[in-house]
Amino acid sequence: MPELKLFPKMHVASLTVIGPFEQAIPRGMDQIFAWCRANQVEPLGAPMAFYPDDPEIVPQQKLRTEICVPVAPTTQASGDVQVKEIGGYTVAVSGYRGAQEIEPAYGELYAWLHAQGYHDAGVPMETYLSQPAAELQAEIAIPVVKLTVPSAIIQPAMDKPQAEKSVQKPAKPTTKKPGKKPKKIKKIARPTPKNKPMKK
């Protein structure tokens with residue numbers, strides 16, 4: 001079941017890779033864990049991936065995927081790997097288990113946060129919780145903000161001045177048509193990532 005929670009602040013080693021998700025994710029995981037080993041950096045949590053590009057708009061060969069691993073604040077960046085602070089904001093989260101659940105999980109999460117009066121306000125990301133030999137398990141997190149409605153829009157009709165009207169004919173009774181169903185929010189799922197365990 002989707003829920004809201006605070007995405008905590010943390011320092012991460014970050015590497016951006018380009019290309020189709022099914023290629024970029026495992027390549028990025030290999031590179032960032034190899035960098036950790038080479039620089040004697042100990043990962044302090046599960047690996048994550050941020051997806052700044054919409055695959056419905058950006059060509060597959062140009063899609064960006066940012067692979068991140070939590071590290072100590074004293075970690076020094078080098079090469080293609082940056083070290084930065086992320087987090088400190090509210091996210092809507094939902095988990096999935098198995099590649100077949102990726103697309104339904106995204107659809108449910110976006111529909112839920114909009115139904116709760118929130119708007120997605122940042123890049124979607126995933127935290128990978130499973131080991132390579134196990135079934136894929138991850139948690140989706142989407143930054144959100146609460147929608148606000150201007151007071152002028154919700155002002156009661158009785159507060160508005162009414163112009164004088166001539167005598168009107170009684171309105172014809174009408175048959176109320178059922179309202180249209182809200183348009184289903186579509187989110188294209190990513191291909192399954194090949195997860196890497198946390199290594200020293």
Side-chain angles (χ1 to χ4, degrees), residues 1-10 12 14 16-29 45-70 86-149 153-154 177-198:
M1 178 68 184
E3 62 178 342
L4 295 174
K5 72 178 185 180
L6 177 67
F7 186 73
K9 288 185 178 181
M10 66 181 75
V12 296
S14 166
T16 298
V17 287
I18 309 294
F21 293 135
E22 71 272 17
Q23 300 172 14
I25 297 170
R27 186 172 74 249
M29 291 286 185
M48 298 167 283
F50 290 76
Y51 304 100
D53 296 325
D54 185 343
E56 290 188 330
I57 300 174
V58 179
Q60 291 288 311
Q61 298 300 325
K62 295 183 178 181
L63 288 171
R64 293 170 297 165
T65 302
E66 184 182 2
I67 306 297
C68 296
V69 177
I86 63 171
Y89 43 79
T90 301
V91 293
V93 300
S94 183
Y96 68 80
R97 184 184 294 272
Q100 72 281 358
E101 293 299 322
I102 295 176
E103 184 171 358
Y106 269 96
E108 179 186 21
L109 186 54
Y110 275 98
W112 179 85
L113 70 88
H114 291 152
Q116 299 299 314
Y118 287 87
H119 179 69
D120 47 305
V123 176
M125 54 84 65
E126 295 180 19
T127 301
Y128 299 112
L129 308 173
S130 57
Q131 298 296 321
E135 182 181 35
L136 174 63
Q137 183 179 356
E139 181 181 77
I140 305 167
I142 300 172
V144 296
V145 292
K146 188 73 173 178
L147 291 174
T148 57
V149 181
I153 296 177
I154 59 175
K177 295 181 180 180
K180 292 183 179 180
K181 294 182 178 179
K183 185 176 180 181
K184 184 177 180 182
I185 298 170
K186 184 179 180 183
K187 184 71 181 179
I188 300 299
R190 303 169 300 87
T192 306
K194 182 189 295 182
N195 301 313
K196 291 285 179 181
M198 294 178 287

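Counting begins at 1 with the first residue of the sequence. Computed from heavy atoms alone, side chains included, the values below leave out hydrogens, waters and symmetry copies.
The CG atom of L4 sits 8.0 Å away from atom NZ of K146, with the distance rounded to the nearest 0.5 Å. Considering NZ of K5 and OG1 of T90, their distance stands at 12.0 Å, rounded to 0.5 Å. To the nearest 0.5 Å, atoms CD1 (I140) and OG (S94) are separated by 6.0 Å. Atom CZ of F21 and atom OG1 of T65 lie 5.0 Å apart (nearest 0.5 Å). A distance of 14.0 Å separates CD1 in I57 from NZ in K62, rounded to the nearest 0.5 Å. Between atom OH of residue Y118 and atom CD1 of residue I142 there is a gap of 14.0 Å, rounded to the nearest 0.5 Å.
Residues P70 and M48 meet the side-chain proximity criterion, which asks for heavy atoms closer than 4.5 Å. When side chains are defined from C-beta on, Q60 counts as touching L63, because their heavy atoms get closer than 4.5 Å. Y106 places a side-chain heavy atom less than 4.5 Å from the side chain of P124. The side-chain heavy atoms of I18 and Q61, taken from C-beta on, include no pair separated by under 4.5 Å.
With sequence neighbours left out, the side chain to side chain donor-acceptor pair (under 3.5 Å) criterion links S14 to E66. Residues that satisfy the ring pair (Phe, Tyr, Trp, His ring centres under 6.0 Å) test with F7, not counting sequence neighbours, are Y89.
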* Derivation and outcome, side-chain contact (heavy atoms from CB on, under 4.5 Å), residues V12 and M10 -> CA-CA 6 Å; V12 296; M10 66 181 75; 3.9 Å; yes

* Given Y51 and I25, is the side-chain contact (heavy atoms from CB on, under 4.5 Å) satisfied, shown in steps? -> CA-CA 10 Å; Y51 304 100; I25 297 170; 3.6 Å; yes

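Nearest approach of A141 to V93, heavy atoms of both residues: CB-CG1, 3.9 Å. The shortest heavy-atom contact between V123 and P52 is CG1-N, 3.5 Å. Heavy-atom minimum distance, V17 versus G28: CG1-CA, 3.9 Å. Residues M29 and Y128 come closest through the heavy atom pair CE-CD1, 3.4 Å. Heavy atoms only, all atoms of each residue included: V69 and G45 are closest at CG1-O, 4.5 Å. The two residues G88 and L6 come nearest to each other via the heavy atoms C-CD1, 3.9 Å.
For R64 (side chain) and F50 (main-chain N/O), no donor-acceptor pair under 3.5 Å exists by modelled atom type.
Side chains of Y96 and E108: no donor on one and acceptor on the other come within 3.5 Å.
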